Amino acid sequence: MKPFLIAFTSVALLTPAAFGADIKPYFGVGLVVDKAGTSAKRVGFNPDNIQLKLTPDILKNPDINALMGDAMNSAIIRDGGGDMKFDMAIAGEFVAGIKWGPIRAELEAAFRSASEDEYDIFNGSFTPIKNILTVNAAIATSTKVTHNSYMANFYYDFNIPASKWEPYVGGGIGIGTYKQKATVDVSGDAKFMAKNIPFGQSMTVLENNETVFEWQIGLGAAYHITDTWALDMGYRFNSSTIGGEFVYAHEIKLGGRYTF
């Protein structure tokens, strides 16, 4: 992708229309409808991994919430579930750049937040210790990701004579920052010897921050309302790799641009 962008901008800058053109600065804002995806997997749960430590104090006065907290941590499997699928989200962006003939070079800052609705990873019963402990549990998990990107973009604008429309193609490279948090909510009851004891808790099972290389390509069209104001409508594909997993977003943008 990087060689493509270098070649694209090199050819564009050599086009005859660019020579002798005025340099015009501009800025813009936009709203983006974002649909993200990843090759990463959801959190999974395997009750066979549960290892309980029973002490004389616990046998006398069992703290089921503490006991099950330790048990669930051993049974939660990172990237052990099905494919992760994020809900559609709204993002905001700010751009500032210069236009030189058909060429535009800009800096972009975009701010996104994506989440995956809560879903069940287990709903049933298991027996960690035969004749001592039987657990009935409903376990659900959800994930939230905050994704901000800071890009250097290059576009080629196609002039259509006597038309207010100006199509464009281009792409960009930069960095993306990701903050991810996955939580697990557990509810149920445990039959500990002769007692039925309800329990419930929420646990954070994954929380990390990453800064990675990011790239995007896109196309769209500007509609020039006046010589200075234009509407900007377009599509772009944004992508990066985090921890060896492919992360991407399909984005539809609607914004405004002011050229000085």
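This one's a predicted model, so the numbers in the text were calculated from it and none came from an experiment. All residue numbers in this chain count up from 1 along the given sequence.
Judged by distance alone, with hydrogens and angles left aside, the side-chain atoms of T38 form a donor-acceptor pair with the main-chain N or O of F246 at under 3.5 Å. With T141 contributing its side chain and T183 its backbone, the two residues share a donor-acceptor pair below 3.5 Å. At least one donor-acceptor pair under 3.5 Å links the side chain of N46 to the backbone N or O of D48.
Residue pairs meeting the salt bridge (charged side-chain N to carboxylate O under 4.0 Å, His left out) criterion with at least one partner in residues 215-232, sequence neighbours excluded, are D232-K253, D232-R257. Sorted pairs that involve residues 169-178 and meet salt bridge (charged side-chain N to carboxylate O under 4.0 Å, His left out), not counting sequence neighbours, are lacking altogether.
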> Checking side chain to side chain contact (heavy atoms under 4.5 Å, CB included) for the pair T177/N209: CA distance, chi angles, key distance, verdict?
Replying inline: CA-CA 7 Å; T177 61; N209 300 331; over 6 Å; no
>> Applying salt bridge (Lys or Arg N to Asp or Glu O under 4.0 Å) to E251 and R112, what does each step give before you reach the verdict?
In response: CA-CA 11 Å; E251 299 183 335; R112 309 168 178 86; 2.5 Å; yes
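With sequence neighbours left out, A221 forms a side-chain contact (heavy atoms from CB on, under 4.5 Å) with W165. Listed by chain and residue number, F27, T228, W229, F260 satisfy the side-chain contact (heavy atoms from CB on, under 4.5 Å) test with Y258 (two or more places apart in sequence, or in another chain). Scanning for side-chain contact (heavy atoms from CB on, under 4.5 Å) contacts around A114 gives F86, with sequence neighbours left out.
For the pairing with S115, the side-chain contact (heavy atoms from CB on, under 4.5 Å) check across T143, T146, D87 returns one residue only, D87.
At a cut-off of 3.5 Å, with distance as the only test, a side-chain donor of H147 or E214 sits close to an acceptor on the other residue.
Across all non-hydrogen atoms, the minimal contact from A75 to F45 is CB-CE1, 3.3 Å.
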With a 3.5 Å cut-off and sequence neighbours excluded, list the donor-acceptor pairs that the side chains of residues 101-111 form with protein atoms.
residue	atom	partner	partner atom	Å
R104	NE	D157	OD1	3.2
R104	NE	D157	OD2	2.9
R104	NH1	Y26	OH	3.4
R104	NH2	D157	OD1	3.2
E106	OE1	Y26	OH	2.7
E106	OE2	N153	ND2	3.2
E108	OE1	N153	ND2	2.7
E108	OE1	Q216	NE2	3.0
E108	OE1	R236	NH1	3.4

